[in-house]
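I have placed the structure first, in the form of structure tokens, so that the comments after it can refer back to it.
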Amino acid sequence: MQLENLRNIGIIAHIDAGKTTTTERILYYTGLTHKMGETHEGSSVMDFLSYEKERGITVASAATTCIWKGKTINIIDTPGHVDFTAEVERSLRILDGVVVIFCSKGGVEPQSETVWRQADKYRVPRIAYINKMDAVGADFFKVTGQIKNRLGANPLVITLPATEDDDFLGVIDLIKMKYYTFGGKLGNEVVEMEIPESHLAEAESWRNAMIESLAENDEQLLEMYFNNETIPQEMLIEALRVNTVKGQIVPVLCGSSYRNIGVQLLLDAIIGYLPSPLDGRPATASIPEGEEMVEIIPDAGQPFAALIFKIVSDRHVGKLAFARIYSGTVKAGSYVINSSKNKKERIGRLVKMHANHREEITEVSAGDIVAFIGLKDVSTGDTICEEGYNILLESIVFPEPVIQIAIEPKTQNDQSKLGEALGKLAAEDPTFKVMYNQETGQTLISGMGELHLEIVAERLAKEFMVDFNIGQPQVAYKETISKDAEQVTRYVKQTGGKGQYAHIVLRLEPGEEGFEFVNKIVGGAIPREYIPAVESGVKQALQEGILKGYPVVNVKATLLDGSFHEVDSSEMAFRTAAMIATKECLKKAGPKLLEPVMKLEITSPEEFTGNIISNISNMRGRLESMEMENNTQIIRSCVPLVELFGYSTTLRSLTQGRAGFSMQFSHYEEGVIAS
């Protein structure tokens, strides 16, 4: 397959904007399926997991491949719920372009902003598709304005909705200046006609605006526009493509996927404007243990390199490792190197995924998205490459979990099953963590929200057949320090034989985000080989703070001085001394508790505004902004997570069930110690 004929794209959006419904139409119109699945009926191809069917939402990203007008499109459908933001993060890391779907009524919602920022982070070119144009209160131009003002993007309208008496009938293409209707039972009879007289003036006005915007970056186009020359369609399409790939514009289309209107034009835009692996930003990689960066050329003839972006445990084949191939070719049965772990692995089988169906293939090459079967020790973010070509592709950074619960097996038999199941789930999901609290003897599981942990519990029971009890959700607090502290520690232990000796002077001070270790030892007061043991001891001690045993963050540790004994000093002695010194420093350094704070957005009829604001204040929340949209009050605030458990019930009772809300993690800030 020619790489210029390949598109690796994702579908991202706020929850309930119509991602899966749109993907189902794409699969139908490209001939991959012969029946349209519906999310509300639990019959969609992409939402194939039982808990997705029950809830009518996407929980895990699903991949598939289809062909449109001779071009191959690899599609990843992602979740919209904030609890599953990691699925969007890992998909965007390996995609060349995305379609961002907006609801024509809801517009730019909080999770729309989150996924847009994620796409900005990886500099992924995108197309905006304003869906649900048939809904009451649909407003195409309001949403386009929000994309510009709220997201800081440069939206370029390339299709217009054609409505009559508030009824959405078809789509006007501003490039071809044609009007399209989508007839037949399933919208597969696309009829091209002249633009109705009633819409012609508006279409010409928006077309001129489109050309003006494109001409800003194209002198030839600008000259033709000012001379009133006829601009060929091919020239407009090329200008649109170039500007979209560079990220300078976002083409905006409209449609109603549920009513089967406009999806074919969206497919045309995907192959027309989104980049192939050759057009996108080239991947870069580092050489292990070196500063040198190399550019990875997407070419089947180059050495093989791929990034693992997702791990799935499958009861039939074991571990499925999803990967994006950045260069080279690999065959089933080949040996490769996991350069992230410096281990040799054998690829047993290669499969192309179509949601939950696997298609066995013999080889894959640059540009492909594929699943490997048979890799033993791989994790999300690992680089695998051919022997002798050791490189590390940029990994994926995931947000930290904010909520945790205790879990315990019901019987002795469930004990080992639970441990194994939790290990598999943690390998699949980097935002799901398992910890063992030594003091209480409890196993704690952490996730991104209540729904996230609810899904985990459901999977443990149904997939892994484990019987267990779970506690009430707890907030994942952190601790930090507020002032500098120094500690001199001598660790001396004399036993019958060789003793233990370590002497260090350690200073802890408030630092930037995360942890920083500085070595100020001069003149060999402590031999170089013991320094990593000191750093390891400090890190280990910071895992449990002295207030409530939560991890300590935002700390700078400096090793100032110390001494050693020729015979009795060892790595273990210096690690132990560092742990003791760190604990003593923490006591003197003004320890503080940090709690997760959530961004809360509430949409409510205006008459309940007073009750809602008063309640936010009672929850130690801060009001950020308020605005009116279509007789609906939108209230944005920041509220500590601990106050938001069960908030849906509270909001329902405050507003007679007429308000809705969404929340997402914002930051950690100084909090109060819960008793």
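Start at 1 with the first residue, then count along the sequence. Bear in mind that the values here come from a model prediction, so they are computed numbers and not experimental data.
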Regarding R324 and D96, does a basic nitrogen lie under 4.0 Å from an acidic carboxylate oxygen?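 Counted as a salt bridge, because a side-chain N and a carboxylate O are separated by less than 4.0 Å.
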Using a strict cut-off of less than 4.0 Å between a Lys/Arg side-chain nitrogen and an Asp/Glu carboxylate oxygen, indicate whether K19 and E87 qualify as a salt bridge.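 Answer for the salt bridge query: no.
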How close do [X] and [Y] get, counting heavy atoms only, and between which atoms?
{"X": "V124", "Y": "G97", "answer": "CG1-CA, 3.5 Å"}
{"X": "H199", "Y": "P161", "answer": "CD2-O, 4.5 Å"}
{"X": "T30", "Y": "C66", "answer": "OG1-CB, 3.2 Å"}
{"X": "A63", "Y": "I76", "answer": "CB-CG1, 4.1 Å"}
{"X": "E643", "Y": "V639", "answer": "CB-CG1, 4.1 Å"}
{"X": "S257", "Y": "N131", "answer": "N-OD1, 2.9 Å"}

Approximate separation, where rounding is to 0.5 Å, of [X] [atom1] and [Y] [atom2]:
{"X": "R126", "Y": "W116", "atom1": "CZ", "atom2": "CH2", "value": "5.0 Å"}
{"X": "K178", "Y": "E194", "atom1": "NZ", "atom2": "CD", "value": "3.5 Å"}
{"X": "N615", "Y": "I602", "atom1": "CG", "atom2": "CD1", "value": "7.5 Å"}
{"X": "D134", "Y": "T163", "atom1": "CG", "atom2": "OG1", "value": "12.0 Å"}
{"X": "S666", "Y": "M598", "atom1": "OG", "atom2": "CE", "value": "8.5 Å"}
{"X": "F182", "Y": "N260", "atom1": "CZ", "atom2": "CG", "value": "10.0 Å"}

Are a donor atom and an acceptor atom from the side chains of T159 and Y180 found within less than 3.5 Å of each other? no
Is it true that the side chains of S276 and D279 contain a donor and an acceptor less than 3.5 Å apart? yes
Could you tell me whether the side chain of [X] and the main chain of [Y] form a donor-acceptor pair under 3.5 Å?
{"X": "K599", "Y": "H667", "result": "no"}
{"X": "R207", "Y": "I175", "result": "yes"}
{"X": "N149", "Y": "G145", "result": "yes"}
{"X": "R241", "Y": "L274", "result": "yes"}
{"X": "N154", "Y": "Q248", "result": "yes"}
{"X": "S104", "Y": "K132", "result": "yes"}
{"X": "T609", "Y": "E606", "result": "yes"}
{"X": "S112", "Y": "A13", "result": "no"}
{"X": "Q146", "Y": "V108", "result": "yes"}
{"X": "R90", "Y": "K310", "result": "no"}

Hey, is [atom1] on [X] packed in by over 12 heavy atoms from elsewhere, all under 6.0 Å?
{"X": "E212", "atom1": "CD", "answer": "yes"}
{"X": "E223", "atom1": "CD", "answer": "no"}
{"X": "K121", "atom1": "NZ", "answer": "yes"}
{"X": "E4", "atom1": "CD", "answer": "yes"}
{"X": "E229", "atom1": "CD", "answer": "yes"}

Side-chain touch [X]/[Y], heavy atoms, less than 4.5 angstrom:
{"X": "L169", "Y": "T181", "value": "no"}
{"X": "V263", "Y": "Y28", "value": "no"}
{"X": "L156", "Y": "L214", "value": "yes"}
{"X": "D268", "Y": "W68", "value": "yes"}
{"X": "L95", "Y": "F309", "value": "no"}
{"X": "P277", "Y": "N8", "value": "yes"}
{"X": "L160", "Y": "E202", "value": "yes"}
{"X": "F398", "Y": "D429", "value": "no"}

Pair N208, Y225 - check side chain to side chain contact (heavy atoms under 4.5 Å, CB included), show working. CA-CA 9 Å; N208 286 338; Y225 177 64; 4.0 Å; yes
Steps toward side chain to side chain contact (heavy atoms under 4.5 Å, CB included) verdict (I211, M224): CA-CA 10 Å; I211 295 170; M224 290 176 78; over 6 Å; no
Pick from E109, E601, E627: which one makes a salt bridge (Lys or Arg N to Asp or Glu O under 4.0 Å) with R150? E627
Can you tell which of E89, E113, R93 makes a side chain to side chain donor-acceptor pair (under 3.5 Å) with Q118?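 That would be E89; it is the only one of E89, E113, R93 passing the side chain to side chain donor-acceptor pair (under 3.5 Å) with Q118.
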Kindly indicate, with the supporting measurements, whether the criterion side chain to side chain contact (heavy atoms under 4.5 Å, CB included) is fulfilled by M626 and R636. CA-CA 6 Å; M626 289 169 57; R636 296 185 182 88; over 6 Å; no
Applying side chain to side chain contact (heavy atoms under 4.5 Å, CB included) to V98 and V115, what does each step give before you reach the verdict? CA-CA 10 Å; V98 289; V115 297; over 6 Å; no
